[in-house]
Amino acid sequence: MNIGEIARASGVSAKMIRHYEHIGLIRESSRTFSGYRQYSERDVHLLRFIRRASDLGFSLDQIRQ
């Protein structure tokens, strides 16, 4: 699934997904030959977890641990 699809499925914006990749909170996605990011169902679950933990008030460092 591409970044738009995973953003809709997880409730996390594409901008935040790229930010989470940049800071190392999630692993960098694989890329297609044309450079588009590709994500799996595992990534959807991880992003949903991050969003819920953030909504509950956990910091990104706490979520990383």
Side-chain angles (χ1 to χ4, degrees):
M1 96 182 37
N2 66 33
I3 197 163
E5 293 168 333
I6 195 171
R8 282 187 294 280
S10 67
V12 177
S13 71
K15 182 177 180 178
M16 287 307 297
I17 293 169
R18 288 189 293 270
H19 174 69
Y20 293 156
E21 283 184 359
H22 179 74
I23 65 171
L25 191 58
I26 62 173
R27 64 182 172 87
E28 284 195 30
S29 62
S30 60
R31 301 271 183 151
T32 64
F33 288 114
S34 56
Y36 290 100
R37 289 175 167 89
Q38 290 292 301
Y39 297 92
S40 67
E41 284 298 317
R42 178 190 176 278
D43 297 318
V44 173
H45 293 290
L46 181 57
L47 286 168
R48 286 180 182 164
F49 170 80
I50 292 168
R51 190 178 116 240
R52 287 185 190 132
S54 181
D55 288 347
L56 290 171
F58 290 93
S59 71
L60 293 180
D61 285 333
Q62 290 172 317
I63 294 169
R64 181 179 286 120
Q65 291 175 1

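These figures come from a predicted structure and were not determined experimentally.
- More than 12 heavy atoms of other residues, nucleotides or ligands shown are found within 6.0 angstrom of CZ on Arg64.
- For the pair Ser29 and Gln38, the minimum side-chain heavy-atom distance is 4.5 Å or more.
- Asp43 contributes atom CG, which lies 9.0 Å from atom CD1 of Ile17 (distance to the nearest 0.5 angstrom).
- Within the 4.5 Å cutoff, the side chain of Tyr36 has no heavy atoms near those of the Ile3 side chain.
- When atom types are taken as modelled, the side chain of Gln65 and the backbone of Gln62 share no donor-acceptor pair closer than 3.5 angstrom.
- The distance from atom CZ of Arg42 to atom NE2 of His45, rounded to the nearest 0.5 Å, is 10.5 Å.
- When all heavy atoms of Ser54 and Ile63 are compared, the pair lying nearest together is N-CD1, 3.8 Å.
- For the atom pair CD1 (Ile26) and CZ (Phe49), the distance works out to 13.5 Å, reported to the nearest 0.5 Å.
- In this structure the side chain of Leu60 reaches within 4.5 angstrom of the side chain of Tyr20, judged on heavy atoms.
- When all heavy atoms of Arg51 and Gly11 are compared, the closest pair comes out as CD-O, 3.3 Å.
- The distance from the CG atom of Asp55 to the CD1 atom of Ile50 is 12.0 Å, given to the nearest 0.5 Å.
- Using a cutoff of 4.0 Å between basic side-chain nitrogens and carboxylate oxygens, Glu21 and Arg37 are scored as salt-bridged.
- Taking both residues in full, the closest heavy atoms of Ser13 and Ala7 are given as C-CB, 4.2 Å, listed atom of the first, atom of the second, then distance.
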